[in-house]
Chemist: 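A single structure is presented below for examination.
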Amino acid sequence: MVSFNTVTEMLVMAKRNLSHDEWDYINGAAESETSLRRNRLALDCLAFRPRILRDVRNIDVSTTLLGSKLKMPVVLAPIGGLQRMTKNGANDVDKAAAECGIMNFISTVTEPSIEEVAANSPHNKVYQIYVRGDDQWVRNLVRRIMKAGYWGVALTVDSAFYGNRERLHPSLIATRRVAARDWQKGVTWDTVKLIQDEIGGKPLFIKGVMTAEDAALSVEHGAHSVYISNHGGRQLDHVLGNIETLPEVIKAVDGKAEVVIDGGFVRGTDVVKALALGARAVGIGRLQAWALGAGGAEGLVACLRALEIEITTTLGLLGVQNISQLDSSYITKAMPVRHPHEHSAFPHLPEDRML
Ligand SMILES: Cc1cc2nc3c(=O)[nH]c(=O)nc-3n(C[C@H](O)[C@H](O)[C@H](O)COP(=O)(O)O)c2cc1C
C-alpha cells in the first residue's frame with residue numbers, strides 16, 4: 001500500500017526509490033534547460049481572477065477529448081522506458097489510467113509490447129509513434145496499432161534529432177545514439193498522410209506543435225488534435241514555455257481541432273490555467289514518472305487523485321462549477337514569485353532542489 005499525504009512526500013519517495021541515472025533521465029532536459037524552466041516560468045507568470053459568491057457545492061471536473069469521456073481534463077503523456085521506473089512498465093500506467101478514467105499515451109519506446117498493453121485494459125488509449133524505419137515500416141506499425149485496438153494515434157514531431165541532455169550519464173547517452181533514430185529526420189507532412197491512410201478516420205494527434213503556423217498546417221493535414229509540447233524541454237533548448245504558445249494556437253486552430261498541451265504541468269492550478277485559455281486537456285510527463293517511481297500503478301493512482309482534488313478545489317475557489325464555464329477572463333499576467341525549475345512548484349521539499 002503506497003502512502004503519501006502530499007505530492008511533495010511522493011517526490012521524496014520517488015527520489016529514494018529511483019537510481020541516480022533514472023532520476024536524471026526523468027528530470028533532465030536539453031542543454032541549458034532553458035525550455036524546461038520556461039515551461040514552469042510561463043505558468044508562474046499567469047494568475048487567476050476569481051469570482052465570488054457563486055454556488056459551488058457541485059463541481060464537475062469531467063470533460064471529453066475528441067468525444068471520449070475523461071473523468072478529469074488530464075492525459076498521461078507518452079514516456080519512454082517506463083519499465084525502468086515501474087515493474088510492469090506501460091501496463092502500470094495503463095492500469096492507473098483505467099482506474100482514474102483518463103486516457104494514456106503509450107510511447108513507441110517503452111515496454112511491454114503494443115499488443116500486451118492493448119490487452120491490459122479495454123479503455124481508450126493512444127499509441128505514440130516515433131519513426132524507426134521506412135514508409136513500409138510505418139504502415140506495418142500503424143496496422144499493428146489498429147489491429148491491437150488502440151483508440152487513436154499520436155505522431156511526435158519534435159524529435160528529428162535527440163536533444164542533448166547533459167544530466168544523462170555518458171553511457172546512457174551512448175545507448176541513445178541508435179541508428180534507427182535517424183529515420184526521425186525524414187518525418188514530414190507526408191508521414192502524417194501515410195498514417196492517415198492507415199487509420200481510417202481514427203483520432204490523430206500531432207504532438208510537438210510549438211507555433212500557430214504548424215497548428216494551422218496540422219489542421220489542414222487533417223489532425224483531429226493539436227498537441228502543444230516542447231517535449232518537457234528535452235528537445236530544442238530556448239523555446240517558449242508552452243502555455244505562452246497556447247493563445248496563438250487556439251486562434252490558429254479556430255475550433256477545427258481540439259488542443260492538448262503539456263510541459264511543466266504538475267498542479268491543479270496549472271491545469272486550470274490551460275483550460276481557461278482554451279486547451280481541452282493537459283498532459284503530464286514528469287509528474288507521472290515521479291508517481292511511478294514512488295509507488296508504481298498505485299502511486300500513480302494516488303497522485304492522480306491528488307491532482308483531481310486540486311483541480312476541483314481550484315474550480316470551486318474560482319467560482320465555477322464545471323470546465324465549460326472557464327474562459328480567459330479568469331486569467332491575467334503576473335510576476336513570478338520564485339526561480340523556476342522542475343520541482344519549483346513544490347517549495348516544501350526538504351532541499352530546495354533535489355539534485
Ligand atoms: C522520462 C521522459 C520520457 C519521455 N519519453 C517520451 C516519448 O517516448 N515520446 C514522446 O512523445 N514524448 C516523451 N516525453 C515527453 C512527454 O511526453 C511530455 O511531452 C513531457 O514530459 C511534458 O513535460 P513535463 O515532463 O514537464 O510534464 C518524455 C518525457 C519524459 C520526462
Side-chain angles (χ1 to χ4, degrees), residues 7 11 14 18-19 21-30 33-44 74-86 89-90 93 103-111 114 117 126-132 153-160 162-163 165 167-168 172 176 178 180-181 184 187 205-210 225-236 239 241-243 245 260-267 270-271 274 279 281-293 300 303-304 307 340-346:
V7 177
L11 264 161
L18 292 163
S19 72
D21 283 348
E22 303 307 356
W23 186 247
D24 282 349
Y25 166 60
I26 293 168
N27 290 301
E33 304 195 345
T34 298
S35 300
L36 164 78
R37 287 172 184 240
R38 285 219 179 108
N39 277 342
R40 253 332 300 168
L41 179 64
L43 283 161
D44 289 345
V74 170
V75 297
L76 298 173
I79 292 198
L82 285 165
Q83 67 281 0
R84 291 157 46 187
M85 297 157 211
T86 181
V93 169
M103 205 180 282
N104 49 317
F105 286 59
I106 306 294
S107 165
T108 305
V109 290
T110 194
E111 289 175 12
I114 294 175
V117 185
V126 177
Y127 195 85
Q128 173 263 320
I129 297 178
Y130 278 137
V131 173
R132 293 284 187 268
V153 166
L155 178 67
T156 294
V157 293
D158 57 15
S159 301
Y162 191 73
R165 306 183 194 158
R167 287 199 217 186
L168 291 184
L172 272 178
R176 278 167 176 74
V178 285
R181 203 186 283 281
Q184 285 285 133
V187 173
F205 297 73
I206 305 284
K207 177 176 183 278
V209 174
M210 285 175 265
S225 178
V226 170
Y227 188 146
I228 304 173
S229 177
N230 59 20
H231 218 109
R234 300 160 80 81
Q235 288 298 107
L236 181 60
V239 294
N242 288 326
I243 204 161
T245 317
V260 177
I261 184 168
D262 71 20
F265 291 85
V266 290
R267 291 283 196 178
D270 301 333
V271 173
V282 169
I284 59 169
R286 289 181 180 81
L287 184 66
Q288 177 192 162
W290 298 328
L292 292 170
L300 183 51
C303 174
L304 289 169
L307 189 62
H341 57 77
E342 68 275 22
H343 301 127
S344 58
F346 305 101

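Just so you know, ligand 1 is whichever comes first in the structure, and atom 1 is the first atom listed for that ligand.
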Chemist: Which residue holds the protein heavy atom closest to atom 1 (C) of ligand 1, what is that atom called, and what is the gap in Å?
Modeler: R234 NH2, 3.4 Å

Chemist: What protein heavy atom sits nearest atom 5 (N) of ligand 1, and how far away is it?
Modeler: G80 N, 2.9 Å

Chemist: Hey, what do you get for CD1 (I79) to OG1 (T86), rounding to the nearest 0.5 Å?
Modeler: 11.5 Å

Chemist: Quick one: are V7 and W290 in side-chain contact, heavy atoms under 4.5 Å?
Modeler: no

Chemist: Backbone or side chain, does any N or O of A77 fall under 3.5 Å from an N or O of ligand 1?
Modeler: no

Chemist: Answer whether the closest heavy-atom distance between the side chains of Q128 and Y227 falls below 4.5 Å.
Modeler: no

Chemist: N/O of G264 under 3.5 Å from N/O of ligand 1, yes or no?
Modeler: yes

Chemist: Using heavy atoms and a 4.0 Å limit, tell me yes or no: is N39 in contact with ligand 1?
Modeler: no

Chemist: Under a heavy-atom criterion of less than 4.0 Å, does A289 contact ligand 1?
Modeler: no

Chemist: For G241 versus A42, what's the shortest heavy-atom pair and its separation?
Modeler: CA-CB, 4.0 Å

Chemist: Under 4.0 Å, heavy-atom basis, I'd like to know which part of F105 is in contact with ligand 1: side chain, backbone, both or neither.
Modeler: neither

Chemist: In the protein, which heavy atom is nearest to atom 12 (N) of ligand 1, and how far is it?
Modeler: K207 NZ, 3.1 Å

Chemist: Mind telling me whether F105 and F205 have parallel, tilted or perpendicular rings, with 30° and 60° as the class edges?
Modeler: perpendicular

Chemist: State, with a plain yes or no, whether a side-chain heavy atom of L76 is found less than 4.5 Å away from one of L300.
Modeler: yes

Chemist: In the protein, what heavy atom is nearest to atom 21 (O) of ligand 1, and what distance, to one decimal place, separates them?
Modeler: G285 CA, 3.5 Å

Chemist: Any atoms of ligand 1 less than 4.0 Å from a non-hydrogen atom of S229? List them with their elements.
Modeler: 19 (O)

Chemist: Using a plain distance cutoff, I'd like to know if I26 has any nitrogen or oxygen under 3.5 Å from a nitrogen or oxygen of ligand 1.
Modeler: no

Chemist: Do I106 and L82 touch side chain to side chain, with heavy atoms closer than 4.5 Å?
Modeler: no

Chemist: Can you tell which part of Q128 has a heavy atom less than 4.0 Å from ligand 1: side chain, backbone, both or neither?
Modeler: side chain

Chemist: Nearest to atom 19 (O) of ligand 1, what protein heavy atom do you find, and at what distance?
Modeler: D262 OD2, 2.6 Å

Chemist: Quick one: which of Q184, H231, R234, Q235 gives a side-chain hydrogen bond (donor to acceptor under 3.5 Å, both in side chains) with D158?
Modeler: H231

Chemist: Nearest 0.5 Å, please: how far is CG in L43 from CZ in R267?
Modeler: 12.5 Å

Chemist: With side chains defined as the heavy atoms from C-beta onward, is the minimum distance between H343 and V266 less than 4.5 Å?
Modeler: no

Chemist: So how far is it from I261 CD1 to I228 CD1, rounded to the nearest 0.5 Å?
Modeler: 4.5 Å

Chemist: Looking at atom 11 (O) of ligand 1, what's its closest protein heavy atom, distance included?
Modeler: T156 OG1, 2.7 Å

Chemist: Got a second to check how far Y25's OH is from L18's CG, nearest 0.5 Å?
Modeler: 12.0 Å

Chemist: Around atom 15 (C) of ligand 1, find the nearest protein heavy atom and jot down its residue, atom name and distance.
Modeler: H231 CD2, 3.4 Å

Chemist: Consider every N or O of Y130 and every N or O of ligand 1, then say whether any pair is closer than 3.5 Å.
Modeler: yes

Chemist: Nearest protein heavy-atom contact for atom 6 (C) of ligand 1: which residue, which atom, what distance?
Modeler: P78 O, 3.2 Å

Chemist: Select one of side chain, backbone, both or neither to describe which atoms of V109 lie under 4.0 Å from any atom of ligand 1, heavy atoms only.
Modeler: side chain

Chemist: Please confirm whether S107 comes within less than 3.5 Å of ligand 1 when only nitrogen or oxygen atoms on both sides are compared.
Modeler: yes

